Structure formats: C-alpha cells, structure tokens
Amino acid sequence: MAKNNVIIKNGVRFEVAKYLKKVAPKCTKVVIITDNNVFMLYEADISASLKNAGINVCTFVMEAGEQHKNIQTYEAMINFVADAKLTREDVIIALGGGVVGDLAGFVAATYMRGIKVIQMPTTLLACIDSSIGGKTGFDLPQGKNLIGAFHQPSAILIDLETLKTLPKEEFQNGLGEGIKYAFLIGNEMIELLKEGLEDGNLLDFVTRCVDYKLDIVNKDEKESGLRKLLNLGHTLGHAIEKESNYTIPHGLAVTKGTLCVANASVNYGKLQKQAYLDAIEICKKYDLDYTISYDIKSLIKNIQMDKKMHADGDISFVDIEDLGKCVIRTVSIKELEEYLTK
Ligand code: NAD
Ligand code: GLY
C-alpha cells in the first residue's frame with residue numbers, strides 16, 4: 001500500500017471522515033468494529049466525525065481479549081455487517097488493538113468477497129505491527145491464526161494520543177516487538193529507545209517501524225521470502241509463549257527470543273557485544289524481563305512442532321548478522337540447538 005495512505009498524527013481520530021472520503025468516496029455507511037475497552041474511550045470521537053459528515057454509523061463491540069478472537073466472534077461480526085446492509089462501496093473501521101484489527105480485517109476480507117477496511121490501531125503493537133501488512137484472521141482451538149486471509153487496508157490512521165490510556169503492560173508488550181525492529185533497522189532505533197519514547201521520539205519510533213514494515217510488505221506481501229525477516233525472535237518466542245502456557249505475553253516472548261539470537265550472534269563474533277548490551281539496557285529501562293527461565297533444549301523440542309518446520313525437518317529462523325542486517329537461515333534442528341547454546 002502507498003505510504004501516503006498511512007497517517008500518523010495526534011488527533012487524527014477527529015478527522016476520520018476526511019480520510020474515509022479520500023479512499024472510499026462513494027461510502028455512505030460505516031461499521032466500526034471495536035472492543036469494550038476501546039469503545040468506552042474512543043468510539044464516540046470517530047462516530048462523531050463520521051456522523052457530522054453525513055455518514056451512517058453502526059458499531060459492533062466485542063469482548064476484549066485474545067480468547068474472543070474466534071469463529072463465534074467472527075460469525076457475530078459478519079452477521080452484524082450483513083444486517084447493517086453494508087454495500088461494496090462501504091467501509092469497515094477496525095478500532096482497537098491487534099485482536100480487533102485481525103478480526104475486523106478478516107470480516108472485511110470475506111464480506112461480499114471483500115470490502116474496504118480502515119485500520120485505526122490503538123495499542124503500540126497494533127501501531128507498529130499488526131495494523132500494517134494485511135494479515136487478518138482468527139484463532140481455532142487447534143492453534144493461533146489458523147483461519148485468515150491477506151487483505152490490505154485502504155488506510156491506516158494512527159493517533160498516538162490514544163496510546164496514553166494504554167496499560168503499562170500493553171505498552172511493554174508492544175515494545176517487545178519494538179526491540180525486534182531495533183535489530184532489523186539498526187543503531188538509530190537503539191539510540192531512540194535508549195533516549196526514551198517521550199513525545200517526538202515516540203512519533204519517530206512508530207514512523208520508522210511503520211516505514212520499515214510497509215517497505216517489506218510492498219516487496220513481499222504474501223511472505224514468500226523477505227517478509228519472513230519480520231519473524232525475528234519469533235521462532236524461540238513462540239516456544240517460550242507455549243512453554244509458559246501463554247502467561248508470558250507475545251511481545252515479551254519475542255524480546256526474549258530476539259535477545260537469545262543476538263547473544264548467539266555475539267558468541268559467533270558477528271554482532272558487536274555493545275549492541276547486545278544496549279538492548280539489555282533498553283529492557284531494563286522499560287522494565288522488560290529479557291531473561292529466559294526455560295531450558296533451550298526443551299524450547300527447541302517445542303520448535304519442532306512449529307509451523308515454520310520444513311518437510312525435510314529443517315527450520316527457517318531469522319539470524320542477526322549485525323545491527324540492521326538480519327538474514328533468513330534454514331538449518332537443521334540440531335544446528336539451531338548448537339547455535340543457540342554455544
Ligand atoms: P489486544 O488487541 O488484545 O489489546 C490489548 C488490550 O489493550 C485489550 O484489553 C484492549 O481492549 C486494550 N486496549 C487497546 N487499545 C487501548 C487503549 N488505547 N487504551 C486502553 N486500552 C486499550 O492486543 P494487541 O497486543 O494489540 O494485539 C495482539 C493480537 O495481534 C494477537 O491476536 C496477534 O495474533 C495479533 N497480531 C497480528 C499481526 C498481524 O500482522 N496481523 C501481527 C502481530 C500480532
Ligand atoms: N507480524 C509479522 C508479519 O506481519 O508478517
């Protein structure tokens with residue numbers, strides 16, 4: 001998607017109608033999909049902007065939480081959209097974190113074989129990651145994100161003011177993915193995080209993450225190669241999440257996974273030790289627990305169940321060659337274990 005369809009601006013939630021008209025000039029009706037927490041905080045701002053511009057608005061409110069990212073919520077949403085009689089000219093607005101964004105995006109992908117969606121992320125994780133790139137879907141009892149589709153948003157409206165109400169642990173969770181971006185993008189991101197994400201720095205940080213991800217997605221939308229770089233820290237991260245019985249949140253698990261790979265890279269004389277130490281300092285600054293209390297060997301066993309396993313038993317993971325230089329490597333499970341435990 002074009003960079004000029006991503007607006008990162010304080011107060012953009014009061015101007016939604018203006019951006020909606022740009023991407024969907026014939027739209028007369030909008031369904032806002034949100035969760036009960038975000039509804040109380042921001043839905044009125046968005047619906048007022050739309051109603052003032054003569055747009056008809058209906059709002060679907062889901063219960064907040066990953067446990068509701070399921071087929072029942074999807075069914076309720078799509079029935080709601082059908083009852084609201086949205087046409088192919090109309091638009092769904094996803095207002096919330098990644099759970100709302102993924103579900104609402106999938107409703108937009110599947111209703112009438114696809115209508116427009118505008119993503120309005122309100123968590124740090126959604127601002128820098130999940131609202132960008134068009135991955136949509138929901139979980140099955142058999143696993144996370146097993147139902148889904150690629151469906152690019154027509155616009156992404158990021159209002160950083162909304163992050164002010166985010167609970168500390170949710171901000172930390174987003175920052176977990178932020179540390180991943182620091183290794184992918186390079187030293188300027190490490191410096192920003194070391195300085196602190198107050199005011200202008202937060203805007204700078206989010207903008208760099210968004211630009212980086214957009215650039216990758218525009219080159220490899222369906223994740224046939226380059227996009228896999230965004231999975232830095234995820235191979236181990238998923239195993240840590242699972243081993244903790246999902247008590248360790250995803251973003252934090254990604255930080256732990258990223259730092260484990262960074263440590264291995266230092267041990268193999270690739271990444272400069274200072275970059276690793278800087279990342280540790282950042283974790284301490286933001287109170288992120290970067291330690292791994294599980295045996296790497298048992299995590300590797302867990303990884304064997306990971307969907308990134310190839311049929312021949314090899315596995316792809318993202319390695320850090322240097323700060324700002326990551327590569328996708330395919331190795332055997334034994335090689336991965338040796339690499340991470342040297
Ligand atoms: P979330 O959507 O569950 O939001 C976390 C909590 O924060 C919720 O309780 C929500 O109500 C609350 N909240 C949201 N915005 C708020 C605000 N501004 N103020 C106060 N509270 C607010 O979690 P998340 O971390 O945003 O997203 C996680 C989901 O994202 C997972 O389902 C994951 O699979 C998905 N994801 C998708 C992609 C993708 O590319 N599509 C990428 C990464 C993650
Ligand atoms: N979160 C990884 C991706 O969107 O590809």
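Note that this is a predicted model, so its numbers are computed, not measured. Residues: numbered from 1 along the sequence shown.
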side-chain contact (heavy atoms from CB on, under 4.5 Å), that's the test. Do Ile33 and Phe39 meet it? Break it down for me. CA-CA 9 Å; Ile33 294 182; Phe39 174 80; over 6 Å; no
From CA spacing to verdict: side-chain contact (heavy atoms from CB on, under 4.5 Å), Ile190, Leu193: CA-CA 5 Å; Ile190 294 277; Leu193 287 170; 5.7 Å; no
side-chain contact (heavy atoms from CB on, under 4.5 Å) evaluation trace for Thr330 with Ile315: CA-CA 5 Å; Thr330 301; Ile315 186 162; over 6 Å; no
One pair to check against side-chain contact (heavy atoms from CB on, under 4.5 Å): Val117 and Ser154. What are the steps and the verdict? CA-CA 6 Å; Val117 62; Ser154 297; over 6 Å; no
Passes salt bridge (Lys or Arg N to Asp or Glu O under 4.0 Å), Lys144 versus Asp139? Steps please. CA-CA 4 Å; Lys144 268 193 67 152; Asp139 306 333; 5.3 Å; no
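A side-chain donor-acceptor contact under 3.5 Å links Glu335 to the backbone of Ser332. Lys29 places a side-chain N or O within 3.5 Å of a backbone atom of Ala84 that can act as its donor or acceptor partner. In this structure a side-chain-to-backbone donor-acceptor pair under 3.5 Å is missing from Thr136 to Phe150. Within the 3.5 Å criterion, the main-chain N or O of Ile248 finds a donor-acceptor partner in the side chain of Ser244. Counting only distance, with no hydrogens or angles, the side chain of Lys51 and the backbone of Val57 share no donor-acceptor pair below 3.5 Å. Judged purely by atom type and a 3.5 angstrom limit, His238 has no side-chain atom pairing as donor or acceptor with the backbone of Leu236. Although no hydrogens or angles enter the test, the distance criterion places no donor-acceptor pair under 3.5 Å between the side chain of Asn245 and the main chain of Lys242. Checked by atom type and distance alone, the side chain of Asp35 never pairs as donor or acceptor with a backbone atom of Glu63 at under 3.5 Å. A distance-only check finds a donor-acceptor pair linking the side chain of Tyr181 to the backbone of Ile128 [under 3.5 Å]. Formation of a donor-acceptor pair under 3.5 Å by the Thr255 side chain with backbone atoms of Gly176 is found in this model.
With a 4.5 Å cut-off on side-chain heavy atoms, Val327 and Val318 do not count as touching. Within the 4.5 Å cutoff, side-chain heavy atoms of Val217 are placed close to those of Arg227. Residues Thr235 and Val261 fail the side-chain proximity criterion, which asks for heavy atoms closer than 4.5 Å. For the pair Cys127/Val210, no side-chain contact is recorded, criterion being any heavy-atom separation below 4.5 Å from C-beta on. Looking at Val99 and His68, their side chains never come closer than 4.5 Å, going by heavy atoms from C-beta outward. Here the side chains of Asp215 and Asp211 are not in contact, with every heavy-atom distance at 4.5 Å or above. In this structure, Ser316 and Asn231 have side chains that are not in contact, with every pair of non-hydrogen atoms separated by 4.5 Å or more. Using a 4.5 Å cut-off on side-chain heavy atoms (C-beta onward), Cys283 and Leu259 make contact.
No hydrogens or angles considered: nothing links the side chains of Thr258 and Tyr290 as a donor-acceptor pair under 3.5 Å. Counted by atom type alone, His250 and Glu66 present zero donor-acceptor pairs between their side chains at under 3.5 Å. Inspection of the Asn302 and Glu243 side chains reveals an N or O donor paired with an N or O acceptor under 3.5 Å. Using modelled atom types, one finds a donor on one side chain and an acceptor on the other under 3.5 Å when comparing Glu43 with Thr59. Asp159 and Thr162 share no side-chain donor-acceptor pair at under 3.5 Å. In the model, Tyr276 has no side-chain atom that pairs as donor or acceptor with a side-chain atom of Ser265 under 3.5 Å. Between the side chains of Asp289 and Thr291, at least one donor N or O sits under 3.5 Å from an acceptor N or O. Inspection of the Lys22 and Asn5 side chains reveals no N or O donor paired with an N or O acceptor under 3.5 Å. There is a side-chain donor-acceptor pair under 3.5 Å between Asp90 and Thr87. If you check the side chains of Glu169 and Asn173, you find no donor sitting under 3.5 Å from an acceptor.
Remark: Arg88 fails to qualify as a cation-pi partner of Tyr111 under the 6.0 Å distance and 45° angle criteria applied to the six-membered ring. Within the cation-pi definition used here (under 6.0 Å to the ring centroid, within 45° of the axis), Lys342 qualifies as a partner of Tyr268.
Leu20 contributes atom CG, which lies 12.0 Å from atom CD1 of Ile46 (distance to the nearest 0.5 angstrom). Rounded to the nearest 0.5 Å, atoms CD1 (Ile147) and CG (Leu103) are 11.5 Å apart. For the atom pair CD1 of Ile333 and CD1 of Ile303, the computed distance is 6.0 Å after rounding to the nearest 0.5 Å. Interatomic distance, CG of Leu214 versus SG of Cys209, reported as 11.5 Å (0.5 Å rounding). Atoms CG and CD, from Leu323 and Glu188 in turn, are 8.5 Å apart once rounded to the nearest 0.5 Å. Going from atom CD1 of Ile156 over to atom CD of Gln119 covers 7.0 Å, rounded to the nearest 0.5 Å.
Just one of Ile92, Leu50, Val16, Val38 meets the side-chain contact (heavy atoms from CB on, under 4.5 Å) condition when paired with Ile32; it is Leu50.
Residues Phe183 and Ala279 come closest through the heavy atom pair CZ-CB, 3.7 Å. Shown here for Asn201 and Gly196, the closest heavy-atom pair between the two residues is ND2-O, 2.8 Å. Residue Gly98 comes nearest to Ala126 through the heavy atom pair N-CB, 3.8 Å, listed as atom of the first residue, atom of the second, then distance.
Linking ILVMFWY side-chain heavy atoms closer than 4.5 Å, directly or via other members, places Ile179 and Tyr286 in a single hydrophobic cluster. In the hydrophobic cluster analysis, where Ile, Leu, Val, Met, Phe, Trp and Tyr join through side-chain heavy atoms closer than 4.5 angstrom, Leu230 is grouped together with Leu175.
Other residues, nucleotides and ligands contribute more than 12 heavy atoms inside 6.0 Å of the NZ atom of Lys285. Within 6.0 Å of CE in Met40 there are 12 or fewer heavy atoms belonging to other residues, nucleotides or ligands. Counting heavy-atom neighbours within 6.0 Å of Glu75 CD, excluding the residue itself, gives a total of 12 or less. Annotation for Lys21: atom NZ counts as buried by contact number, over 12 foreign heavy atoms lying within 6.0 Å.
Classification of Asp322 and Lys270 as a salt-bridged pair fails, no side-chain N sitting under 4.0 Å from a carboxylate O. Comment: Glu15 engages Lys18 in a salt bridge, judged by a side-chain N to carboxylate O separation of less than 4.0 angstrom. A salt bridge is absent between Lys116 and Glu89; no separation between the charged side-chain nitrogens and carboxylate oxygens falls under 4.0 Å. A salt bridge links Lys69 to Asp102: one of the charged nitrogens lies within less than 4.0 Å of a carboxylate oxygen. Ion pairing between a basic and an acidic side chain is recognised when a charged N comes within 4.0 Å of a carboxylate O; Lys194 and Glu191 show such pairing. For Lys180 and Glu177, the salt-bridge test passes: some basic side-chain N is under 4.0 Å from an acidic carboxylate O.
Taking the six-membered ring where the residue is Trp, Tyr339 and Phe317 present tilted rings, their angle falling between 30° and 60°. Ring geometry for Phe60 against Phe80 counts as perpendicular: the plane angle is over 60°, on a 0 to 90° scale with 30° as the lower cut.
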